[in-house]
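The structure appears right after this line, and notes come after that.
Order of the sequence lines fixes the chain letters, A, B, ..., with proteins taken first and strands second; residue numbering starts at 1 for each chain.
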Number of protein chains: 2
Amino acid sequence: MAQLSDTIEKFIKDLMEEGTQVELRRNELAQHFGCAPSQINYVLATRFSVDHGYVIESRRGGGGYVRIVRMHESPEGNLLSMLLQRVGTEIDEDSAVAIIKHLLDCKLVTTNEALLMRSAVAQNALALPISAKNVLRAAVLRNMLQQVFRNVERGEKHDHV
Amino acid sequence: MAQLSDTIEKFIKDLMEEGTQVELRRNELAQHFGCAPSQINYVLATRFSVDHGYVIESRRGGGGYVRIVRMHESPEGNLLSMLLQRVGTEIDEDSAVAIIKHLLDCKLVTTNEALLMRSAVAQNALALPISAKNVLRAAVLRNMLQQVFRNVERGEKHDHV
DNA sequence: ACGCTAGAATAGTCAGAGAAAGTCAAAAGA
DNA sequence: TCTTTTGACTTTCTCTGACTATTCTAGCGT
(Lines give C-alpha, C1' and ligand atoms only; values in the text may rest on other atoms or scores of the structure.)
Protein backbone atom coordinates (compact mmCIF):
# COMPACT_ATOMS: atom_id res chain seq x y z
CA MET A 1 0.00 0.00 0.00
CA ALA A 2 1.50 3.25 -1.12
CA GLN A 3 1.96 5.92 1.49
CA LEU A 4 0.42 9.33 1.28
CA SER A 5 3.81 10.79 0.44
CA ASP A 6 4.12 8.49 -2.56
CA THR A 7 0.68 9.46 -3.75
CA ILE A 8 1.42 13.14 -3.46
CA GLU A 9 4.74 12.71 -5.20
CA LYS A 10 3.07 10.99 -8.10
CA PHE A 11 0.33 13.59 -8.21
CA ILE A 12 2.86 16.36 -8.53
CA LYS A 13 4.91 14.53 -11.13
CA ASP A 14 1.80 13.91 -13.17
CA LEU A 15 1.05 17.60 -12.99
CA MET A 16 4.51 18.37 -14.31
CA GLU A 17 4.51 15.80 -17.06
CA GLU A 18 6.03 17.34 -20.18
CA GLY A 19 6.36 20.76 -18.60
CA THR A 20 9.41 21.81 -16.69
CA GLN A 21 7.64 23.37 -13.74
CA VAL A 22 4.41 23.44 -11.83
CA GLU A 23 2.87 25.85 -9.38
CA LEU A 24 0.52 24.97 -6.56
CA ARG A 25 -1.10 26.13 -3.34
CA ARG A 26 0.27 24.25 -0.36
CA ASN A 27 -2.94 24.45 1.62
CA GLU A 28 -5.16 23.44 -1.26
CA LEU A 29 -3.06 20.41 -1.95
CA ALA A 30 -3.06 19.45 1.72
CA GLN A 31 -6.82 19.79 1.81
CA HIS A 32 -7.15 17.72 -1.33
CA PHE A 33 -5.27 14.90 0.35
CA GLY A 34 -6.74 15.56 3.78
CA CYS A 35 -3.43 15.97 5.48
CA ALA A 36 -1.44 18.55 7.38
CA PRO A 37 0.04 21.29 5.20
CA SER A 38 3.49 20.51 6.48
CA GLN A 39 3.10 17.10 4.90
CA ILE A 40 3.53 18.84 1.58
CA ASN A 41 6.82 20.26 2.75
CA TYR A 42 7.88 16.80 3.75
CA VAL A 43 7.19 15.47 0.28
CA LEU A 44 9.03 18.36 -1.30
CA ALA A 45 12.00 17.88 0.99
CA THR A 46 12.28 14.15 0.44
CA ARG A 47 11.29 13.84 -3.23
CA PHE A 48 11.96 17.14 -4.87
CA SER A 49 15.26 18.13 -3.36
CA VAL A 50 18.17 19.48 -5.34
CA ASP A 51 19.69 16.01 -5.26
CA HIS A 52 16.60 14.85 -7.04
CA GLY A 53 17.06 17.55 -9.63
CA TYR A 54 14.44 20.02 -8.54
CA VAL A 55 14.39 23.51 -7.19
CA ILE A 56 11.57 24.87 -5.07
CA GLU A 57 10.52 28.49 -5.13
CA SER A 58 7.72 29.81 -2.99
CA ARG A 59 6.04 32.82 -1.60
CA ARG A 60 4.05 33.28 1.56
CA GLY A 61 1.16 35.57 2.30
CA GLY A 62 -1.88 36.30 0.21
CA GLY A 63 -1.63 34.77 -3.21
CA GLY A 64 1.25 32.64 -2.01
CA TYR A 65 2.38 29.60 -3.97
CA VAL A 66 4.92 26.85 -4.25
CA ARG A 67 6.66 26.40 -7.56
CA ILE A 68 8.56 23.24 -8.35
CA VAL A 69 11.10 23.53 -11.13
CA ARG A 70 12.91 20.66 -12.69
CA MET A 71 16.53 21.66 -13.01
CA HIS A 72 18.28 21.72 -16.29
CA GLU A 73 21.14 23.96 -15.48
CA SER A 74 23.23 24.43 -12.41
CA PRO A 75 24.08 28.05 -11.81
CA GLU A 76 27.83 27.70 -11.34
CA GLY A 77 30.42 26.09 -13.51
CA ASN A 78 31.73 27.64 -16.65
CA LEU A 79 32.83 24.48 -18.34
CA LEU A 80 29.61 22.84 -17.39
CA SER A 81 27.45 25.49 -18.94
CA MET A 82 29.64 25.52 -22.02
CA LEU A 83 29.31 21.81 -22.38
CA LEU A 84 25.61 21.93 -21.74
CA GLN A 85 25.28 24.54 -24.38
CA ARG A 86 27.24 22.41 -26.79
CA VAL A 87 25.04 19.46 -26.05
CA GLY A 88 21.94 21.52 -26.56
CA THR A 89 18.72 19.75 -27.18
CA GLU A 90 20.10 17.11 -29.49
CA ILE A 91 23.47 15.66 -30.25
CA ASP A 92 24.84 12.82 -32.37
CA GLU A 93 26.85 9.95 -31.01
CA ASP A 94 30.25 11.12 -32.26
CA SER A 95 29.90 14.53 -30.69
CA ALA A 96 28.76 13.00 -27.44
CA VAL A 97 31.82 10.76 -27.41
CA ALA A 98 34.01 13.78 -28.09
CA ILE A 99 32.65 15.54 -25.07
CA ILE A 100 33.15 12.51 -22.88
CA LYS A 101 36.74 12.22 -24.11
CA HIS A 102 37.24 15.82 -23.20
CA LEU A 103 36.09 15.16 -19.66
CA LEU A 104 38.55 12.29 -19.50
CA ASP A 105 41.35 14.51 -20.75
CA CYS A 106 40.54 17.05 -18.11
CA LYS A 107 40.63 14.28 -15.53
CA LEU A 108 37.10 15.15 -14.56
CA VAL A 109 36.09 11.53 -14.89
CA THR A 110 37.94 8.24 -14.66
CA THR A 111 38.24 5.83 -17.55
CA ASN A 112 35.56 3.65 -16.09
CA GLU A 113 33.23 6.55 -15.66
CA ALA A 114 33.83 7.64 -19.22
CA LEU A 115 33.04 4.17 -20.46
CA LEU A 116 29.86 4.16 -18.47
CA MET A 117 28.82 7.47 -19.93
CA ARG A 118 29.74 6.20 -23.35
CA SER A 119 27.48 3.22 -22.90
CA ALA A 120 24.59 5.37 -21.77
CA VAL A 121 24.58 7.41 -24.95
CA ALA A 122 25.42 4.65 -27.40
CA GLN A 123 23.20 3.95 -30.38
CA ASN A 124 21.82 0.77 -28.95
CA ALA A 125 20.95 2.31 -25.62
CA LEU A 126 18.42 4.49 -27.29
CA ALA A 127 15.81 2.42 -28.98
CA LEU A 128 14.17 5.05 -31.10
CA PRO A 129 14.24 6.57 -34.56
CA ILE A 130 17.48 8.42 -35.23
CA SER A 131 16.21 11.96 -34.86
CA ALA A 132 14.62 11.13 -31.54
CA LYS A 133 17.79 9.33 -30.49
CA ASN A 134 19.72 12.55 -30.72
CA VAL A 135 17.26 14.43 -28.59
CA LEU A 136 17.26 11.75 -25.99
CA ARG A 137 21.00 11.36 -26.01
CA ALA A 138 21.30 15.04 -25.30
CA ALA A 139 18.98 14.76 -22.34
CA VAL A 140 20.83 11.81 -20.86
CA LEU A 141 24.22 13.37 -21.44
CA ARG A 142 23.16 16.66 -19.93
CA ASN A 143 22.04 14.87 -16.84
CA MET A 144 25.30 12.99 -16.51
CA LEU A 145 27.32 16.14 -17.06
CA GLN A 146 25.47 17.79 -14.25
CA GLN A 147 26.25 14.84 -12.07
CA VAL A 148 29.94 15.00 -12.92
CA PHE A 149 30.07 18.64 -12.06
CA ARG A 150 28.12 18.24 -8.89
CA ASN A 151 30.94 16.03 -7.70
CA VAL A 152 33.59 18.41 -8.88
CA GLU A 153 32.05 21.47 -7.36
CA ARG A 154 31.23 20.03 -4.02
CA GLY A 155 34.22 17.77 -3.84
CA GLU A 156 31.99 15.63 -1.72
CA LYS A 157 31.49 11.98 -1.27
CA HIS A 158 27.89 10.95 -1.25
CA ASP A 159 26.91 7.77 0.42
CA HIS A 160 23.42 7.53 -0.87
CA VAL A 161 22.53 6.85 -4.43
CA MET B 1 8.97 -31.30 11.87
CA ALA B 2 10.67 -28.98 9.46
CA GLN B 3 12.31 -25.92 10.88
CA LEU B 4 10.38 -22.71 11.01
CA SER B 5 12.80 -21.19 8.52
CA ASP B 6 12.00 -23.91 6.03
CA THR B 7 8.30 -23.36 6.48
CA ILE B 8 8.64 -19.65 5.97
CA GLU B 9 10.83 -20.20 2.93
CA LYS B 10 8.19 -22.44 1.41
CA PHE B 11 5.44 -20.02 2.30
CA ILE B 12 7.20 -17.20 0.51
CA LYS B 13 7.95 -19.32 -2.52
CA ASP B 14 4.32 -20.34 -2.69
CA LEU B 15 3.36 -16.71 -2.57
CA MET B 16 5.59 -16.04 -5.52
CA GLU B 17 4.09 -18.93 -7.42
CA GLU B 18 4.40 -18.07 -11.08
CA GLY B 19 5.12 -14.40 -10.52
CA THR B 20 8.58 -13.04 -10.38
CA GLN B 21 8.23 -11.03 -7.23
CA VAL B 22 6.28 -10.68 -4.02
CA GLU B 23 5.85 -7.94 -1.50
CA LEU B 24 5.19 -8.47 2.17
CA ARG B 25 5.10 -6.87 5.59
CA ARG B 26 7.83 -8.23 7.78
CA ASN B 27 5.85 -7.84 10.98
CA GLU B 28 2.69 -9.38 9.58
CA LEU B 29 4.56 -12.40 8.40
CA ALA B 30 6.29 -12.78 11.74
CA GLN B 31 2.94 -12.56 13.47
CA HIS B 32 1.50 -15.14 11.14
CA PHE B 33 4.20 -17.57 12.15
CA GLY B 34 4.31 -16.40 15.74
CA CYS B 35 8.00 -15.64 15.66
CA ALA B 36 10.32 -12.71 16.09
CA PRO B 37 10.36 -10.30 13.15
CA SER B 38 14.08 -10.71 12.81
CA GLN B 39 13.43 -14.35 12.01
CA ILE B 40 12.17 -13.15 8.67
CA ASN B 41 15.47 -11.44 8.03
CA TYR B 42 17.25 -14.64 8.81
CA VAL B 43 15.18 -16.51 6.25
CA LEU B 44 15.78 -13.83 3.67
CA ALA B 45 19.49 -13.79 4.34
CA THR B 46 19.92 -17.54 4.19
CA ARG B 47 17.39 -18.49 1.48
CA PHE B 48 16.79 -15.45 -0.67
CA SER B 49 20.24 -14.00 -1.08
CA VAL B 50 21.70 -12.88 -4.38
CA ASP B 51 23.53 -16.18 -4.52
CA HIS B 52 20.17 -17.85 -4.51
CA GLY B 53 19.02 -15.65 -7.33
CA TYR B 54 16.95 -13.14 -5.44
CA VAL B 55 17.19 -9.45 -4.75
CA ILE B 56 15.59 -7.89 -1.71
CA GLU B 57 14.28 -4.36 -1.77
CA SER B 58 12.75 -2.82 1.32
CA ARG B 59 11.62 0.33 3.01
CA ARG B 60 11.31 1.19 6.67
CA GLY B 61 8.81 3.41 8.41
CA GLY B 62 5.10 3.72 7.90
CA GLY B 63 3.95 1.72 4.92
CA GLY B 64 7.22 -0.16 4.93
CA TYR B 65 7.59 -3.39 3.03
CA VAL B 66 9.96 -6.09 1.92
CA ARG B 67 9.99 -7.00 -1.74
CA ILE B 68 11.56 -10.21 -2.91
CA VAL B 69 12.43 -10.40 -6.56
CA ARG B 70 13.44 -13.58 -8.32
CA MET B 71 15.99 -12.83 -10.94
CA HIS B 72 16.41 -15.95 -12.94
CA GLU B 73 15.23 -19.46 -13.53
CA SER B 74 18.48 -21.35 -13.41
CA PRO B 75 20.66 -20.69 -10.40
CA GLU B 76 23.75 -21.08 -12.58
CA GLY B 77 23.28 -17.82 -14.45
CA ASN B 78 25.81 -15.16 -13.63
CA LEU B 79 24.94 -11.93 -11.93
CA LEU B 80 24.93 -9.96 -15.14
CA SER B 81 22.30 -12.06 -16.81
CA MET B 82 20.25 -12.07 -13.65
CA LEU B 83 20.35 -8.33 -13.52
CA LEU B 84 19.58 -8.01 -17.20
CA GLN B 85 16.62 -10.22 -16.72
CA ARG B 86 15.51 -8.14 -13.78
CA VAL B 87 15.72 -5.03 -15.89
CA GLY B 88 13.80 -6.58 -18.73
CA THR B 89 12.30 -4.33 -21.34
CA GLU B 90 11.05 -1.69 -18.99
CA ILE B 91 11.76 -0.64 -15.46
CA ASP B 92 10.73 2.17 -13.15
CA GLU B 93 13.10 4.59 -11.55
CA ASP B 94 12.99 3.15 -8.04
CA SER B 95 13.83 -0.34 -9.20
CA ALA B 96 16.64 0.94 -11.35
CA VAL B 97 18.06 2.73 -8.36
CA ALA B 98 17.78 -0.44 -6.30
CA ILE B 99 19.87 -2.30 -8.84
CA ILE B 100 22.49 0.40 -8.95
CA LYS B 101 22.63 0.36 -5.18
CA HIS B 102 23.17 -3.35 -5.33
CA LEU B 103 26.13 -2.91 -7.65
CA LEU B 104 27.54 -0.43 -5.20
CA ASP B 105 27.02 -2.81 -2.30
CA CYS B 106 28.83 -5.52 -4.24
CA LYS B 107 31.64 -3.04 -4.87
CA LEU B 108 31.20 -3.52 -8.59
CA VAL B 109 31.04 0.21 -9.11
CA THR B 110 32.32 3.19 -7.18
CA THR B 111 30.08 5.78 -5.61
CA ASN B 112 30.78 8.18 -8.44
CA GLU B 113 29.98 5.58 -11.03
CA ALA B 114 26.77 4.75 -9.26
CA LEU B 115 25.79 8.40 -9.21
CA LEU B 116 26.50 8.65 -12.89
CA MET B 117 24.34 5.67 -13.62
CA ARG B 118 21.69 7.13 -11.41
CA SER B 119 21.68 10.32 -13.37
CA ALA B 120 21.41 8.49 -16.66
CA VAL B 121 18.20 6.80 -15.66
CA ALA B 122 16.61 9.65 -13.72
CA GLN B 123 13.18 10.93 -14.58
CA ASN B 124 14.44 14.10 -16.12
CA ALA B 125 17.03 12.40 -18.27
CA LEU B 126 14.28 10.75 -20.22
CA ALA B 127 12.12 13.34 -21.84
CA LEU B 128 9.24 11.17 -22.88
CA PRO B 129 5.80 10.11 -21.71
CA ILE B 130 6.00 7.95 -18.62
CA SER B 131 5.37 4.59 -20.21
CA ALA B 132 8.06 5.17 -22.80
CA LYS B 133 10.41 6.40 -20.10
CA ASN B 134 10.43 2.98 -18.50
CA VAL B 135 11.26 1.25 -21.75
CA LEU B 136 14.05 3.64 -22.50
CA ARG B 137 15.41 3.52 -18.99
CA ALA B 138 15.64 -0.23 -19.27
CA ALA B 139 17.63 0.04 -22.50
CA VAL B 140 20.07 2.55 -21.08
CA LEU B 141 20.49 0.61 -17.85
CA ARG B 142 21.07 -2.67 -19.70
CA ASN B 143 23.80 -1.06 -21.71
CA MET B 144 25.49 0.35 -18.65
CA LEU B 145 25.29 -2.97 -16.84
CA GLN B 146 27.02 -4.65 -19.71
CA GLN B 147 29.72 -2.04 -19.55
CA VAL B 148 30.20 -2.55 -15.84
CA PHE B 149 30.58 -6.26 -16.31
CA ARG B 150 32.94 -5.91 -19.22
CA ASN B 151 35.27 -4.18 -16.81
CA VAL B 152 34.76 -6.75 -14.11
CA GLU B 153 35.29 -9.73 -16.32
CA ARG B 154 38.34 -8.50 -18.12
CA GLY B 155 39.73 -6.58 -15.19
CA GLU B 156 41.24 -4.39 -17.84
CA LYS B 157 41.91 -0.75 -18.17
CA HIS B 158 40.84 0.70 -21.47
CA ASP B 159 42.43 3.83 -22.72
CA HIS B 160 40.15 4.57 -25.57
CA VAL B 161 36.59 5.64 -25.20
C1' DA C 1 -3.89 61.16 -1.68
C1' DC C 2 -0.25 58.99 1.29
C1' DG C 3 1.81 56.39 4.53
C1' DC C 4 1.12 53.31 8.52
C1' DT C 5 -0.69 49.58 10.96
C1' DA C 6 -3.41 45.51 12.14
C1' DG C 7 -5.02 41.42 10.68
C1' DA C 8 -5.75 37.81 7.36
C1' DA C 9 -3.75 34.62 4.33
C1' DT C 10 -0.16 32.06 3.15
C1' DA C 11 4.10 29.20 3.54
C1' DG C 12 8.25 27.35 6.53
C1' DT C 13 10.51 24.96 10.49
C1' DC C 14 11.18 21.74 13.87
C1' DA C 15 10.73 18.39 17.27
C1' DG C 16 8.24 14.42 18.57
C1' DA C 17 5.25 10.36 18.09
C1' DG C 18 4.50 6.25 15.73
C1' DA C 19 5.37 2.64 12.32
C1' DA C 20 8.18 -0.19 10.03
C1' DA C 21 12.47 -2.67 8.93
C1' DG C 22 17.65 -3.76 10.11
C1' DT C 23 21.52 -5.46 13.11
C1' DC C 24 23.84 -8.28 16.12
C1' DA C 25 25.09 -11.19 19.69
C1' DA C 26 23.55 -14.51 22.87
C1' DA C 27 20.62 -18.46 23.80
C1' DA C 28 18.55 -22.65 22.12
C1' DG C 29 18.28 -26.61 19.27
C1' DA C 30 19.68 -30.29 15.91
C1' DT D 1 29.72 -27.69 15.79
C1' DC D 2 26.56 -25.43 12.92
C1' DT D 3 22.06 -23.63 12.27
C1' DT D 4 18.05 -21.47 14.12
C1' DT D 5 15.58 -18.35 17.04
C1' DT D 6 15.01 -14.56 19.92
C1' DG D 7 15.08 -9.92 21.86
C1' DA D 8 17.19 -5.61 22.79
C1' DC D 9 18.66 -1.88 20.40
C1' DT D 10 19.17 1.04 16.08
C1' DT D 11 17.86 3.32 11.95
C1' DT D 12 14.76 5.05 8.65
C1' DC D 13 10.52 6.90 7.08
C1' DT D 14 6.07 9.18 7.66
C1' DC D 15 2.94 12.37 9.58
C1' DT D 16 1.30 15.96 12.59
C1' DG D 17 0.80 20.16 15.31
C1' DA D 18 2.49 24.09 17.51
C1' DC D 19 5.00 27.92 16.53
C1' DT D 20 7.30 31.22 13.27
C1' DA D 21 7.88 34.13 9.12
C1' DT D 22 6.28 36.59 5.18
C1' DT D 23 3.14 39.00 2.19
C1' DC D 24 -1.00 41.27 0.98
C1' DT D 25 -4.94 44.30 1.88
C1' DA D 26 -8.18 47.16 3.99
C1' DG D 27 -8.87 50.83 6.95
C1' DC D 28 -7.24 54.70 9.53
C1' DG D 29 -5.13 59.24 10.56
C1' DT D 30 -3.09 63.10 8.50
### Query
Contact class for R47(A) (heavy atom, under 4.0 Å): base, sugar-phosphate, or nothing?
sugar-phosphate
## Note on the structure
Contact check, residues 21-37 of chain A vs DNA chain D, heavy-atom distance under 4.0 Å, returns C35(A), A36(A)
### Query
If you look at every strand shown and take non-hydrogen atoms under 4.0 Å, does G64(B) touch a base, only sugar-phosphate, or nothing?
sugar-phosphate
### Query
Given side chains that start at C-beta, do those of L29(B) and F33(B) come closer than 4.5 Å, heavy atoms only?
yes
#### Entry: Between P of dA11(C) and CZ of R67(A), the distance in whole Å
13 Å
### Task
Take Y42(A) and V43(B), find for each the nucleotide of DNA chain D with the closest heavy atom, and name the residue whose nucleotide sits nearer the 5' end.
V43(B)
### Message
Expressed as a whole number of angstroms, how long is the span from Q39(A):CD to dA19(C):C1'?
### Response
14 Å
### First and last nucleotide of DNA chain D, 5' to 3', lying under 4.0 Å from heavy atoms of chain A
dC13(D) to dC24(D)
### Query
Reckon S38(A) touches a base, only the sugar-phosphate, or nothing at all at heavy-atom distances under 4.0 Å?
base
### Query
Is atom CD of Q31(A) surrounded by more than 12 heavy atoms (other residues, nucleotides or ligands) closer than 6.0 Å?
no
### Query
Looking across every strand, which nucleic acid part, if any, lies under 4.0 Å from I40(A) by heavy atom: base, sugar-phosphate, or nothing?
nothing
### Task
Work out which heavy atom in R26(B) is nearest to a heavy atom in V66(B); give both atom names and the distance.
CB-CG2, 4.3 Å
### Message
Listing request: all salt bridge (Lys or Arg N to Asp or Glu O under 4.0 Å) pairs with a residue in residues 35-47 of chain B, at least two apart in sequence or in separate chains.
### Response
D6(B)-R47(B), E9(B)-R47(B)
### Summary
Value for CG (L24(B)) from CG (L15(B)), rounded to nearest 0.5 Å, stands at 7.0 Å
### Task
Find which nucleotide of DNA chain D each of S5(A) and R60(A) is nearest to by heavy atoms, and output the residue with the more 5' nucleotide.
S5(A)
#### Entry: Minimum heavy-atom distance A120(A)-A120(B), with the two atoms named
CB-CB, 4.1 Å
### Query
Does NZ in K10(B) sit with more than 12 non-hydrogen atoms of other residues, nucleotides or ligands closer than 6.0 Å?
no
### Atom of G19(B), atom of R70(B) and distance for their closest heavy-atom approach
O-NH2, 2.6 Å
### Message
Contact between F48(A) and K13(A) at the side-chain level, heavy atoms closer than 4.5 Å - yes or no?
### Response
yes
